[in-house]
Amino acid sequence: MKQIILAIAAMLLPLTMSAQQLPTYLDKSKNIESRVEDALSRMTLDEKIAVIHAQSKFSSAGVKRLGIPEFWTDDGPMGVRPDVLWDEWEQAGQTNDSCVAFPALTCLAASWNPSLAYSFGKALGEEGRYRKKNMILGPGVNIIRSPLGGRNFEYFSEDPYLVSLMCVPYIKGLQSNNVSACVKHYALNNSEEYRNEVNVKISDRALHEIYLPAFHAAVTKGNVWAVMGAYNLYNNQHNCYNEILVNKILKGDWKFDGVLVSDWGGAHNTMEAIRGGLDMEFGSWTNGLSTGASNAYDNYYLANAYKKLILEGKVSTKELDDKVRRVLRVIFRTSMSSNHSYGSLCAESHYATARAVADEGIVLLQNRGNVLPVNLSKAKTILVVGENAIKMMTVGGGSSSLKVQREISPLNGLKAALSEMAPNVKVEYERGYVGDTTGEYNGVKTGQDLKDSRSAAQLISDAVEKAKKADYVIMFGGLNKSDYQDCEGHDRKSYELPYGQDDVIKALAAANKNFVYVNISGNPVAMPWSAKVPAIVQGWFLGSEMGNALADVLLGKVNPSGKLPYTWYAKLNDCGAHALDAWHGTWRPDHKIIDEEYKEGIYVGYRWTDKQHLKPTFAFGHGLSYTSFKLSNVRPSATTMTPSDSVSFTVNVKNTGKRDGAETVQLYIHTAKPTIDRPYKELKGFRKVFLKAGESRDVTITIGRDALSYWDETSNGWKAEPGAYVALLGTSSDNLPLQAKFELK
């Protein structure tokens, strides 16, 4: 009814249209491009300027005269952020903006299951649609370059192929609700410290082979409708308006037809924003209600300053019209689309999706003596230790902080599962260590009182005393979403576990032979005690269903199948960026810009450890199961291929254990005799397969010329060298028992 009224009102105004004819831009049966051109032709200069910059913290103006509504964005990418006040970051205090928290994207990537990524995006889009959001700011597809990256939990992986394969279905699922995804942060936003001042210096080859493929896939395969420019600089230009990254690559080479959105406060110059391809400017640093100028959003770089340049004849409206076209395009794809679904909020199906992602993403890192799953026939007492067993993890971490309808803690999830599976098992709890006792972010409060006055020594002593008497000890430790841990705005200061947790772990491992350590984080951490701990699980930030999913795996209701999406270094200097002292860069003499050179180039993650012959604590792609699998009989479809051909590799996978489970077959390509410097191997295909106990099945992975290509800086394009290649197949980057040789003619 509202749209009908707006349409009638628009038709009654003195517009150049037939009184009997519906304006093209309001006719949803017309194609988007004709609607865009029609609407653009009717807009005044003031209306054009208004739609390309913010009018509040999370919205931009529509065109009331034409019935074009406001455009509303909101943070993701793991849930729809609670609404804030119009002109402040504090929560609006609404009672209808709680959400389902989905697992962090590191967990989604660890599932190695693209179909789950689609379900994840679809459920998130439904929540956004219900909340009347037109754009969700995610997913984040930046490469995890260092384990100290504060925002790594919002990203997928260190490997560009894995990120690309997982982000595309996420985008498609989200946009199936006519809610735009906004892929971020374009590009090279791989650290948080001084992110507005960092100027990245990188080879063209590393840029194209490592840091751009996921963005390219999002645009060309995911058909994403929006991209967010990053805070940092590349080639001495801010990335929200960058001649190379935006104009040449994104909008030129890739033919991106969507809208480039600034990160909040990422614009710094009007003329550069005009020329450099910025389409919509959003910002953080205004509060026009109580401080600074009134109507503060009119002072944005793409607001009055832009209009003034046009009126003075210093710039034309050519760039403006292109920006407005892109904004209108995303509006007609979202709020003014033909899709009239209402979405849904906190639906049980969304909780089911969150739990499914968590179940498949949890990684069993180590299981000596088959300590896991917990043997409920022998366990009478289970001691749970650790602050992360009780601390809410959905509040905090920066822009991804959420207000959830519910969040099941690991302790409560374990208790609930045991009450059904083994009600006679007693569960006890000890704190073990005290970390962050705060429980508030931007006005959202957890309501938890986590204060504990005991000394560190007393906390360990109390835990050890109970551990000696328990049948199992399960510690939930790791990081949290506090500053300088897994949190936007700052990177981690150390690779080690915080809050003295190493001492707790060593003491518990000595006190009980059935000790299980569950690491809650988005990053790897140093584990100098790993040889002394029987079982280690990577538990991630799992969102609303955290406790239920962890209980599923620990108690054996779910057979773990997660695989690490990044290398778990034995020590920090086993990471290329740190080994080469290339982390965080150096200030220029004027102390305004930091030059950060990516000295490791293409050698990120397992590419670096392969090159340096380093043994990580846990390798990229590693993940154990409660059953066993055997890969055999690799069969290539051909032993030669031409650049226009593809070649397939079929391998038999058999579940040789006694439990049903899933395994991920991973294919890496090794160039036998390269004439240029190339990594020893690179991931170029994978396939996850579920098998019942004793079942076997053939799995086929197909690759094309792109899997053999590198970025040639001489010709400024992709090149595949003729010659011999080897397909390496297995279940992790350090377990590739099968090989198949082939040749590119």
Side-chain angles (χ1 to χ4, degrees), residues 143 158-165 202-214 216-217 220-221 253 567 576 598 600-614 619-621 631-652 665-687 699-745:
I143 292 298
E158 70 184 31
D159 183 79
Y161 182 84
L162 179 58
V163 183
S164 299
L165 265 287
I202 187 173
S203 69
D204 285 348
R205 186 178 175 197
L207 176 68
H208 285 274
E209 287 189 23
I210 303 296
Y211 296 97
L212 291 187
H216 179 255
T220 61
K221 296 181 180 179
D253 298 343
T567 301
Y598 284 29
E600 72 278 16
I602 59 174
Y603 291 98
V604 178
Y606 66 88
R607 291 167 171 82
W608 175 264
T609 54
D610 282 351
K611 181 180 178 66
Q612 300 298 322
H613 305 290
L614 299 170
F620 173 82
L631 275 60
S632 63
N633 193 20
V634 59
R635 287 148 283 157
S637 61
T639 55
T640 62
M641 65 179 289
T642 66
S644 60
D645 289 337
S646 62
V647 60
S648 298
F649 301 90
T650 300
V651 60
N652 183 262
V665 180
Q666 302 168 34
L667 183 150
Y668 298 77
I669 293 297
H670 167 68
T671 308
K673 295 180 179 180
T675 61
I676 61 158
D677 189 27
R678 300 198 71 168
Y680 177 79
K681 64 176 181 287
E682 296 183 277
L683 179 72
K684 295 299 178 181
F686 63 87
R687 183 68 59 83
V699 170
T700 299
I701 300 174
T702 302
I703 64 168
R705 178 180 180 272
D706 58 328
L708 313 179
S709 300
Y710 68 93
W711 185 263
D712 179 35
E713 294 182 338
T714 302
S715 62
N716 199 35
W718 293 99
K719 183 177 180 179
E721 281 191 300
Y725 293 86
V726 184
L728 309 172
L729 295 103
T731 57
S732 69
S733 65
D734 65 345
N735 181 30
L736 301 168
L738 302 182
Q739 297 186 6
K741 298 179 180 179
F742 66 102
E743 184 178 1
L744 176 66
K745 294 293 186 180

If I take atom [atom1] from residue [X] and atom [atom2] from residue [Y], how far apart are they, to the nearest 0.5 angstrom?
{"X": "Ser709", "Y": "Ile669", "atom1": "OG", "atom2": "CD1", "value": "11.0 Å"}
{"X": "Arg205", "Y": "Thr714", "atom1": "CZ", "atom2": "OG1", "value": "11.0 Å"}
{"X": "Gln612", "Y": "Glu600", "atom1": "CD", "atom2": "CD", "value": "11.5 Å"}
{"X": "Ile701", "Y": "Leu729", "atom1": "CD1", "atom2": "CG", "value": "6.0 Å"}
{"X": "Trp718", "Y": "Glu209", "atom1": "CH2", "atom2": "CD", "value": "5.0 Å"}
{"X": "Trp711", "Y": "Asp204", "atom1": "CH2", "atom2": "CG", "value": "7.5 Å"}

Close side-chain approach of [X] and [Y], heavy atoms under 4.5 Å:
{"X": "Lys611", "Y": "Asp677", "value": "yes"}
{"X": "Tyr710", "Y": "Thr671", "value": "no"}
{"X": "Thr567", "Y": "Trp608", "value": "no"}
{"X": "Phe649", "Y": "Thr702", "value": "no"}

Can you name the residues that form a ring-ring contact (aromatic ring centres under 6.0 Å, His included) with Tyr668, not counting sequence neighbours?
-> Tyr606

What heavy-atom pair brings [X] and [Y] nearest, and what distance separates the two atoms?
{"X": "Tyr680", "Y": "His670", "result": "O-ND1, 2.7 Å"}
{"X": "Ser164", "Y": "Ala214", "result": "OG-CA, 3.3 Å"}
{"X": "Arg635", "Y": "Val651", "result": "NH2-C, 4.0 Å"}
{"X": "Thr700", "Y": "Arg687", "result": "O-NH2, 3.1 Å"}
{"X": "Arg705", "Y": "Met641", "result": "N-CE, 4.0 Å"}
{"X": "Pro636", "Y": "Val634", "result": "CD-O, 4.0 Å"}

Among Ile602, Val604, Asp610, side chain to side chain contact (heavy atoms under 4.5 Å, CB included) partner for Pro679 | Ile602

Go through Asp159 and Glu682 one step at a time and tell me if the side chain to side chain contact (heavy atoms under 4.5 Å, CB included) criterion holds.
-> CA-CA 9 Å; Asp159 183 79; Glu682 296 183 277; 5.7 Å; no

Return all side-chain donor-acceptor pairs below 3.5 angstrom for residues 734-745, not counting sequence neighbours, or 'none' if the list is empty.
unit_1	atom_1	unit_2	atom_2	d
Asp734	OD1	Ser732	OG	2.5
Asn735	ND2	Thr731	OG1	2.8

Do the side chain of Ser733 and the main chain of Phe620 share a donor and acceptor less than 3.5 angstrom apart?
-> yes

Look at the rings of Tyr161 and Phe686 and say which category their plane angle falls in: under 30° parallel, 30 to 60° tilted, over 60° perpendicular.
-> perpendicular

For Lys684, which residues count as a salt bridge (Lys or Arg N to Asp or Glu O under 4.0 Å) partner, sequence neighbours excluded?
-> none

Audit row: His216, Thr220, side chain to side chain contact (heavy atoms under 4.5 Å, CB included) steps and yes/no | CA-CA 6 Å; His216 179 255; Thr220 61; 3.6 Å; yes

Decide side chain to side chain contact (heavy atoms under 4.5 Å, CB included) for Ile210 and Tyr598; before the verdict, give the C-alpha distance in whole Å, the side-chain angles of both, and the deciding distance to 0.1 Å.
-> CA-CA 11 Å; Ile210 303 296; Tyr598 284 29; over 6 Å; no

Could you go step by step and tell me if Val647 and Asp645 meet the side chain to side chain contact (heavy atoms under 4.5 Å, CB included) rule?
-> CA-CA 7 Å; Val647 60; Asp645 289 337; over 6 Å; no

